[in-house]
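What's counted below: heavy atoms across the whole structure, side chains too, no hydrogens, waters or symmetry copies. Letters A, B, ... mirror the listed sequences (proteins, then strands); counts begin at 1.
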Amino acid sequence: MLFLANVLINMYVKFNLLTDAHNVFEKMPLRNVVSWTTMIAAYSKSKQQQKALELLVSMLREGVRPNVYTYSSVLRSCKEMSDVRMLHCGIIKDGLESDVFVRSALIDVFAKLGEPEDALSVFDEMITGDAIVWNSIIGGFAQNSKNDEAMKLFKRMKRAGFTAEQATLTSVLRACTGLTLLELGMQAHVHIVKYDQDLILNNALVDMYCKCGSLEDARRVFSGMKERDVITWSTMISGLAQNGYSQEALKLFESMKASGTKPNYITIVGVLFACSHAGLLEDGWYYFRSMKKLYGIDPVREHYGCMIDLLGKAGKLDDAVKLLNEMEWEPDAVTWRTLLGACRVQGNMVLAEYVAKKIIELDPDDSGTYTVLSNIYANSQKWESVEEIRTQMRDRGIKKEPGCSWIEVNKKIHAFIIGDESHPLILEVNKKLNQLIDRMVGIGYVPETNFVLQDLEGEQMEDSLRHHSEKLALAFGLITLPVGKVIRIRKNLRICGDCHVFFKLASKLEKRSVVIRDPIRYHHFEDGKCSCGDYW
DNA sequence: TTAGGGTTAG
């Protein structure tokens, strides 16, 4: 009888008839661990996390102990660390911690809740390996932007004799994307060729090439794909927009619709971002106002953010503020920061001061905003306020993050940190940089020393302006990379106004393409121009 | 009866 009822529940679940399954389950006079687990797994899979957890509690109350199936499904439903910890204790008590299913579920949930170190300790207790567990841990670190760690684990995995398969390679690509390591990503691409029609892997590949600033490769992968889903299209649309190809992004959006793929809210973020990147005010308004009617998607915070960016940078600061006030949510630090960026482009210091204060209220650890505020006060000779900001920073223990830039040469990463002279070629780098600056001054370059609103994240003051980390990385690239090769630099802070002018001139004088990726966006410098249209 | 991978304004 019990066996038959379990079979029946299972059948309903398979056909996605959860209510029917639950009805049978409720009427059972006797339930065993299989009955409970089938229901818990079904709720867990259909994203009814609360229900799954409630069922587990009832199950324990009736004195039925969970097995490995129960634990691995219910773990996926945890949204709170406290629940995971409780389950982890139960797992140890029941002696199930060495099961690979349980282990990979634990690793996965720790990583998803942003605790990759806990995931690693579960992983490290493992004696015999399993490919899936390796994939879980590598994916966990990649998802938490711990890209160096993900790459190290990948090397360990290979040393341990495991072969990389689709899931591994997808995480590796994600890590390369986060680190902007094009060469390494291309190396991974070689291993991917055998899975050339894996949709997820191809999507990750398109993203990697876009984010590493290699649009030709991204387009090639994209056109070679036999199957594309909404993520493929969205990735390519955002990628084009981020790299300054707004018109192409909007055209691709039309092709996407023609292909019959329905856009989701992320697609529309990409579309609006394309508009904001190119200052396409009317198009932006059109998509924003019609998204609900045409695609059934309600505008959320991110869409408002794009519009605020678009309006503000196009000189409509008043409209941007109006839209921000019209939102049905309280603006968060990110939204205010969008407006601060617009104040920078428009040179509106009065509004910038107000906005910077709002950001600090919401995000008191944001060191860059203190610098912006302090620069605003310094510029209007409000020295008392400058001192106040410094005291605040000291009291709150906030330190400026030093500017750092990375460049990949011969598959090795070279880091340049402002004020750090430890790079073995630093003397040559400085020599090259000084030569370059002298040549630029000769054609009219004046280093920008007015930092007010120039330096969005406040890297350093004038004295070190000459040696901002991206300038050092550029000089190093010019010395070491062959003529004609694109110089790709990633940096931890946003590029400042002076470096932006500098890089435009450098691209012309040295006849080099340079791509800089800052934490927010991409700049392609070529022949004296930047893909952002001085609009960042 | 169970597992691992991809897109989002600043």
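The line from CG of A:Leu18 to CE of A:Met39 is 5.0 Å long, rounded to the nearest 0.5 Å.
Using a 4.0 Å heavy-atom criterion, one finds that A:Asn202 contacts no nucleic acid atom at all. Counting any heavy atom pair closer than 4.0 Å across all strands shown, A:Tyr71 reaches no nucleic acid atom. Base engagement by A:Thr170 is indicated by at least one non-hydrogen atom pair under 4.0 Å involving a base atom. Heavy atoms of A:Asn6 sit nowhere under 4.0 angstrom from any nucleic acid atom. Nucleic acid contact class of A:Arg301 (heavy atoms, under 4.0 Å, all strands): base. Across all strands, A:Glu165 comes closer than 4.0 Å to base atoms (heavy-atom distances). At the heavy-atom level, A:Leu201 lies under 4.0 Å from base atoms of the strands shown.
For A:Glu330, the CD atom counts as loosely surrounded, since its 6.0 Å shell holds 12 or fewer non-hydrogen atoms of other residues, nucleotides or ligands.
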Heteroatom pairs (N/O) under 3.5 angstrom, protein to nucleotides 1-3 of chain B:
residue: B:dT2; atom: O2; partner: A:Ser72; partner atom: OG; Å: 2.4

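Rounded to whole angstrom, the span from the CD atom of A:Gln143 across to the C1' atom of B:dG5 amounts to 8 Å. Atom NZ in A:Lys262 sits about 23 Å away from atom P in B:dT7, given to the nearest Å. Taking atom CG of residue A:Leu310 and atom C1' of nucleotide B:dT8, one finds them 17 Å apart after rounding to whole Å.
Each of A:Ile91, A:Asp118, A:Leu87 was evaluated against A:Leu106; a single residue qualifies, A:Ile91, per the side chain to side chain contact (heavy atoms under 4.5 Å, CB included) test.
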Decide side chain to side chain donor-acceptor pair (under 3.5 Å) for A:Thr177 and A:Asp207; before the verdict, give the C-alpha distance in whole Å, the side-chain angles of both, and the deciding distance to 0.1 Å.
CA-CA 7 Å; A:Thr177 308; A:Asp207 189 44; 4.7 Å; no

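Judged as a ring pair (Phe, Tyr, Trp, His ring centres under 6.0 Å), and not counting sequence neighbours, the contacts of A:Phe253 are A:Tyr287, A:Tyr295.
Picking from B:dT7, B:dA9, B:dT8 the nucleotide with the shortest atom distance to the side chain of A:Ile231 gives B:dT7.
A:Trp536 carries A:Arg344 over the face of its six-membered ring, with the cationic atom under 6.0 Å from the centre and within 45° of the normal.
Under 4.0 Å is where a charged nitrogen must lie from a carboxylate oxygen, and between A:Lys152 and A:Glu149 no such pair does.
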